[in-house]
There are 2 protein chains.
Amino acid sequence: MINKELNPMEKIPSEQKLSNQLGVSRNTIREAIRTLEQEGVLYCKHGVGTFVIGSKDSLKTNITTLESSTNIIKSQDYFPGTQNVDTKVMKAPSNVKSKLSLEEHSNVFYIERVRTADTQPVVYVEDYIPYIDEMENEYREKYYESLTEFLGKFEMEFSFSICSIKAVISDEKVMKKLELKEKSALLLLQQTHYSDKGIPVLYSDSYYLSDKFEFNVIRRKG
Amino acid sequence: MINKELNPMEKIPSEQKLSNQLGVSRNTIREAIRTLEQEGVLYCKHGVGTFVIGSKDSLKTNITTLESSTNIIKSQDYFPGTQNVDTKVMKAPSNVKSKLSLEEHSNVFYIERVRTADTQPVVYVEDYIPYIDEMENEYREKYYESLTEFLGKFEMEFSFSICSIKAVISDEKVMKKLELKEKSALLLLQQTHYSDKGIPVLYSDSYYLSDKFEFNVIRRKG
DNA sequence: TCATATTTGTACGTATGTATA
DNA sequence: GTATACATACGTACAAATATG
């Protein structure tokens, strides 16, 4: 639709002009603009105009978009892999129990994995899933392309997460998992994932090697 | 308007019902819902319904909202303060020059500060502002409540930032500034701030003590 | 300082399409 | 298949913020 190359921080034509040019209603233009604003591509200022703010590399890894580690690794031009997968059924730790709104004595299906970028370990993930009968067997017997696909089998697809962002120093366990020679700074994302009906279906702790990954976000004045 | 207490993950009435109940058009309801969705308070699912996802403490410090360090400190129930302010006019470092789209040999006004929470150092900030005549004198002669107020004097108010989130280990300099006894994990926010017309007006590196601060974000599936 | 034009924000109404239950 | 609910789209009017002269 739009043939013109848009440069970062450039002012785009007014809603009225775009409406005339493209032959659609101003309301439709507004909806489109609002969607792009939500994605961090545009910025609108009352009485002034609308501006392009998102260049591709300024939002290489937009933290507000919930992507699989696989896609995040790909987006940084690495080849994704997985190693050291370990699973078990366990009593839910109390913090997990709280995050997933589980009853006392509930079990969770625990999966830990190391994700690699070009064979180098870059992310260590611990997943906690409310346990459902036969989950462990299902996981062991079949091959799943992704955790999302596995959760789908149990009607536990997630569509958003509430995420807490922290910085931590690698402890012994994580150093071993990520094959670190010395203590390093890690970006820790603690996330509770919810289904589209608001049911918590997954809690995860993800440790990202911070010198390999950077996350981006557009922040707007309150 | 809304008297009912809303619980997290609760389904709210349909747009049509809210429209009737509140006596406003469905379009208006939609706009309001969309704004709240943008803020991370609601989540809409086509053909299903709209759900409350944001409880107050799950988004205590929403990283998508650009707040002053002062307000972030306040929001975590601490009393904010400032110490060790140091300023100088300097040749723009090359990374800053690039971020602020400055010409070769441009000067910047550099401000470094330690922000405190209940007198304890918690954030170390380095600010780089494109230099304008008399900026240094203005800063020294008058008292400014905030950097925002100071920038306002030069018509350099910012309204959003593009932020890169990293985890780092405190180096000697930062350890001294934050009075750290041992190396700690710090959350580093590297931000280019823009005016509402898309002009870069401030670049800053902020080092947050990660055990005092946590940032939150709602992530949605792409 | 004031009036006017421009631009985005909000609001109303209506209709049809698409996804889910 | 039917009903419900959100998504998209058209049209219109006026308010509020900003820019311009």
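Sequence lines set the chain letters: A, B, ... in the order given, protein chains first and strands last, and positions in each chain run from 1.
- Taking the ring centroids of A/Phe51 and A/Tyr43, they lie at or beyond the 6.0 Å cut-off.
- Computed from coordinates, the A/Ile33 CD1 to D/dA9 C1' distance equals 15 Å when rounded to whole Å.
- Position along DNA chain C of the nearest nucleotide to A/Lys197 versus B/Asn27 favours B/Asn27 as the more 5'-ward residue.
- Between A/Gln38 atom CD and D/dT8 atom P the separation is 11 Å, expressed in whole Å.
- Listed for the A/Thr116 side chain is no donor-acceptor partner under 3.5 Å among the backbone atoms of A/Asp118.
- As a whole-Å value, the separation of B/Ile12 CD1 from D/dC6 P is 7 Å.
- Residues in residues 88-98 of chain B take part in these side-chain hydrogen bond (donor to acceptor under 3.5 Å, both in side chains) pairs, two or more places apart or across chains: B/Lys97-B/Glu104.
- Contact check, B/Thr50 against D/dC6: a side-chain N or O comes under 4.0 Å of OP1 or OP2.
- The stretch residues 39-49 of chain A touches DNA chain D through A/Lys45, A/His46, A/Gly47, A/Val48, each having a heavy atom within less than 4.0 Å of the strand.
- With sequence neighbours excluded, the residues forming a ring pair (Phe, Tyr, Trp, His ring centres under 6.0 Å) with B/Tyr110 are B/Tyr128, listed by chain and number.
- Both B/Asp196 and B/Arg34 lie near DNA chain D, and the one whose nearest nucleotide falls closer to the 5' end is B/Arg34.
- At least one side-chain nitrogen or oxygen of A/Ser25 sits closer than 4.0 Å to the OP1 or OP2 atom of D/dC10.
- If you take CZ of B/Arg26 and P of D/dT8, they are 11 Å apart, rounded to a whole angstrom.
- Boundaries of the chain B contact region on DNA chain C are C/dA11 to C/dT20, first to last in 5' to 3' order (nucleotide atom under 4.0 Å from a heavy atom).
- For B/Tyr194 and B/Phe160, the gap between ring centers is short of 6.0 Å.
- B/Glu15 has its CD atom 14 Å from the C1' atom of D/dA9, to the nearest Å.
- Each salt bridge (Lys or Arg N to Asp or Glu O under 4.0 Å) pair with one or both residues in residues 31-47 of chain A, not counting sequence neighbours, appears once here: A/Glu31-B/Arg34, A/Arg34-B/Glu31, A/Lys45-B/Asp196.
- Taking the six-membered ring where the residue is Trp, B/Phe213 and B/Phe215 present parallel rings, their angle staying beneath 30° rather than reaching 60°.
- To the nearest angstrom, P of D/dA15 lies 18 Å from CD of B/Glu31.
- Pairing of D/dA15, defined by two Watson-Crick or G-U wobble distances under 3.5 Å, is identified with C/dT8.
- Note: CG (A/Leu22) to C1' (D/dA9) measures 14 Å, nearest angstrom.
- Taking the charged nitrogens against the carboxylate oxygens, A/Arg140 and A/Glu136 do have a contact shorter than 4.0 Å, which makes a salt bridge.
- Note on residues 63-83 of chain B: no pairs pass salt bridge (Lys or Arg N to Asp or Glu O under 4.0 Å), not counting sequence neighbours.
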